[in-house]
Student: 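Pasting in a structure now, in structure tokens, and then I'll have a few things to ask.
From a predicted model like this one, the values you see are computed outputs, not experimental measurements. Computed from heavy atoms alone, side chains included, the values below leave out hydrogens, waters and symmetry copies.
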Amino acid sequence: MPRSRTRLRALALPLCVAAPIGVAIVLNTAVRPRIAERLGGTRITHHTTFKSADGWWEFGAGVRAAHPAATGFLELSDGAIVMIGVAVAAIVCAALLASDRRTRSEKRARARSDTSDRAPRRE
């Protein structure tokens, strides 16, 4: 395997974890508050422990009727959004590892068939 491809392969696993969780964090800190502000939502915060809190937005019936998809997305808790990111990361990592395993087993099978084709000749 070329050296540059090996480096990219080594970065694949950390990236498949960091990217979905990073997207979830950006959604919770930048995107969702701006959308909620434009729709006139009320932030609800629930303190889960003395160190952490979970939050979501609530909207009136008129706003919910006018924007059902946006309000449904905003009414999910911040923790639920992050857990979706973790689930996506787990699925992507599992697919990546399964792909690597399949590729390795195919290479081994090809190597076995190549060596069996080169059996010594008896004269």
Student: At their closest point, which heavy atom of Ala53 faces which heavy atom of His47, and how far apart are they?
Tutor: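 Nearest pair, atom of Ala53 first, then His47: CB-ND1, 3.5 Å.
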Student: Nearest 0.5 Å, what's the CD1-CE distance between Ile21 and Met83?
Tutor: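 So the gap between those two atoms works out to 9.0 Å.
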Student: Taking only residues two or more places apart in sequence or in another chain, which ones pass salt bridge (charged side-chain N to carboxylate O under 4.0 Å, His left out) with Glu37?
Tutor: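 Residues passing salt bridge (charged side-chain N to carboxylate O under 4.0 Å, His left out) with Glu37: none at all.
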Student: For Leu15 and Pro20, which heavy atoms make the closest approach, and how far apart are they?
Tutor: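 In terms of heavy atoms, the two residues are closest at O-CD, 4.0 Å.
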Student: Should Ile35 and Leu76 be regarded as members of a common hydrophobic cluster, given that ILVMFWY residues are connected when their side-chain heavy atoms come within less than 4.5 Å of each other, either directly or indirectly?
Tutor: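 Ile35 clusters together with Leu76.
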Student: If Ile, Leu, Val, Met, Phe, Trp and Tyr residues are connected whenever their side-chain heavy atoms lie under 4.5 Å apart, and connections chain through other members, are Leu96 and Val23 in the same group?
Tutor: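 Leu96 does not cluster with Val23.
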Student: Side-chain donor-acceptor contacts of residues 24-31 below 3.5 Å, not counting sequence neighbours, with atom names and distances?
Tutor:
from: Asn28; atom 1: ND2; to: Asp78; atom 2: O; distance (Å): 3.1
from: Thr29; atom 1: OG1; to: Ile25; atom 2: O; distance (Å): 2.9

Student: How close do Cys16 and Val92 get, heavy atom to heavy atom, and via which atoms?
Tutor: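 Scanning both residues completely, I find the closest heavy atoms to be CB-CG1, 3.4 Å.
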Student: Hey, does the side chain of Arg64 reach the backbone of Phe59 with a donor-acceptor pair shorter than 3.5 angstrom?
Tutor: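 Looks like yes, one N/O pair under 3.5 Å.
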Student: Report whether Val63 and Trp56 are members of the same hydrophobic cluster (ILVMFWY, side-chain heavy atoms less than 4.5 Å apart, transitive linking).
Tutor: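 In one cluster: no.
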Student: Apply the test side-chain contact (heavy atoms from CB on, under 4.5 Å) to residues Ile81 and Arg32: give CA-CA distance (whole Å), side-chain angles for both, the deciding distance (0.1 Å), then the verdict.
Tutor: CA-CA 10 Å; Ile81 298 295; Arg32 289 173 39 133; 2.9 Å; yes
Student: Once rounded to the nearest 0.5 Å, what's the spacing between atom CD of Glu75 and atom CH2 of Trp57?
Tutor: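 That separation rounds to 11.5 Å.
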Student: Can you tell me how far OG1 of Thr42 sits from CD of Glu58, rounded to the nearest 0.5 angstrom?
Tutor: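 These two atoms lie 7.5 Å from each other.
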Student: Assess whether side-chain contact (heavy atoms from CB on, under 4.5 Å) is satisfied between Asp54 and Thr45, documenting all intermediate values.
Tutor: CA-CA 6 Å; Asp54 199 10; Thr45 303; over 6 Å; no
